[in-house]
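Ligands are counted one by one from 1 in listed order, and the atoms in each one are counted from 1 as well. Counting begins at 1 with the first residue of the sequence. Quick note: numbers below take in every heavy atom, side chains included, and nothing from hydrogens, waters or symmetry partners.
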Amino acid sequence: MATTDIHKRLGVRPIINVSGTMTSLGASMVMPEVVEAVAAILPQFVEVDELQKRASSAIARLCGADAGFVTASCSAGISLSVAGAMTGSDLAAIERLPDTTGLRNEVLIQLGHMSSYGAPVDQAIRLTGAKVVPVGQATFARRYQLEGAITERTVAAVYVVSHHVVEYGLIPLEEFSAACHARNIAVIVDAASEYDLSGFLARGADIALYSSHKFLGGLTAGIVAGRKDLVRAAFLQNGGIGRGMKVGKEGIVGTIAALEAWEKRDHAAIRDRESVCLKLWQQILTGRPGVTATIVPDPTNNPLDRLMVTVSAQEAHITAWDLCDRLSRGEPAVIVRDHELEHSRFYLDPCNLHPGQEKIVAARLEAELARARESNEIIATSLDERRNGRAAYLAKWPG
Ligand SMILES: *Cc1c(COP(=O)(O)O)cnc(C)c1O
């Protein structure tokens, strides 16, 4: 496969990604339209402010926003939007951050939304000098708690949409926005991985944030969309704390191209192709001792399904995590979606496959499960050790 030449040249391992759109795996397959546009702009000069205005129209059209701009990442978008809510268009205040003396600087977030996307959400808020004020308890938040947390220093509220947040017991966006707007508080929605580009603004958000490098298939970048004054105030942070979150011409052009390609994409055909992969894997797994394979919808209602694979170690002779690890150690490496392993299950995500890779995944699953069944002992390493393995690896990086 021509696509692995680059891996050979770099001396890195090729992988098959059935995990999802992960920064740690190189995000997404960048769309051909994006590659073409980025290659064309790279050797050229262009006025970046003008390019950002062009991005603003594309973002406004697709997101139903007044305006928008492109930054380094969605995470950067959180920091810039919070900073903008605090400073407005005051250039001197922008240069003083993270010193927030004299500014309203309290930012509300439901405790059940204080998750990690590879770094803590609340850190992206604190980076600006803002003070995070958690609302409610881990799995319980009500309007009275939100209203009770508001003070004369409250400036913004961050709302996170993700499979990583608590999915019940919290305040719906419409009610959250209404309560905030009654007290002149800006609502910033982190919708990094959501396909719905206009729904969060329509349901009351003042700012909605997306990643360019996830479902859109752009370069690594973040999209800030929303109310004009707040978007401008966030944009102006490029002359302040946003400098270290700088996006280049390639990221801006890549985002415009990705948005325009998204409009033209045949979403139904893609869904059909994904469904063929899911059914193939389900068919391979069905009837195998100790293995259940169920097609499940995306937890945040993105129009995509995954295969949930539950493994009973007693019958399969291997734990779910050992199966994951064997798949990822193999040749080719198959990386599954593994954030729920303590429930003895993992997921197969069909969104990031090159044609034909679904068959390799099926064959690898078959081979590893057959091998495990032949084992006289149950293959079961320590889940605790695995859980702490990443920290141990990082302590030694780069080796
Ligand atoms: C991926 C993700 C982020 C981080 O996005 P980047 O663009 O990679 O910084 C933030 N929030 C959520 C909910 C995410 O899924």
**Message:** With side chain to side chain donor-acceptor pair (under 3.5 Å) as the criterion, how do His113 and Asp190 come out once you've worked through the C-alpha distance, each side chain's angles and the decisive distance to 0.1 Å?
**Reply:** CA-CA 10 Å; His113 281 187; Asp190 169 4; over 6 Å; no
**Prompt:** Backbone or side chain, does any N or O of Ser75 fall under 3.5 Å from an N or O of ligand 1?
**Reply:** yes
**Item:** Derivation of the salt bridge (charged side-chain N to carboxylate O under 4.0 Å, His left out) call for Glu260 and Lys264
**Value:** CA-CA 7 Å; Glu260 289 174 353; Lys264 295 191 201 111; 5.6 Å; no
**Fill in**
Under 4.0 Å between heavy atoms, the region of His213 that gets near ligand 1 turns out to be side chain
**Request:** For Val161 and ligand 1, answer yes if some heavy atom of the residue is under 4.0 Å from a ligand atom, otherwise no.
**Result:** yes
**Request:** Look at ligand 1 and say whether Lys214 reaches it with a heavy atom at a distance under 4.0 Å.
**Result:** yes
**Request:** For atom 4 (C) of ligand 1, grab the closest protein heavy atom and report residue, atom and distance to one decimal in Å.
**Result:** Tyr117 CD1, 3.6 Å
**Complete:** atom 11 (N) of ligand 1 sits nearest the protein heavy atom Asp190 OD2, 2.5 Å
List ligand 1 atoms under 4.0 Å from [X], heavy atoms only on the residue side.
| X | result |
| --- | --- |
| Ser162 | 13 (C) |
| Thr23 | 8 (O) |
| Ser211 | 5 (O), 6 (P), 7 (O) |

**Asked** Looking at Tyr195, is Lys214 sitting on its ring face, NZ or CZ under 6.0 Å from the six-membered ring centre and within 45 degrees of the normal?
**Response** no
**Complete:** Here the gap from Arg203 atom CZ to Tyr159 atom OH, rounded to the nearest 0.5 Å, amounts to 7.0 Å
Would a distance-only check, ignoring hydrogens and angles, find a side-chain to backbone donor-acceptor pair under 3.5 Å from [X] to [Y]?
| X | Y | result |
| --- | --- | --- |
| Gln145 | Arg143 | no |
| Arg153 | Lys131 | no |
| Glu194 | Ala191 | no |

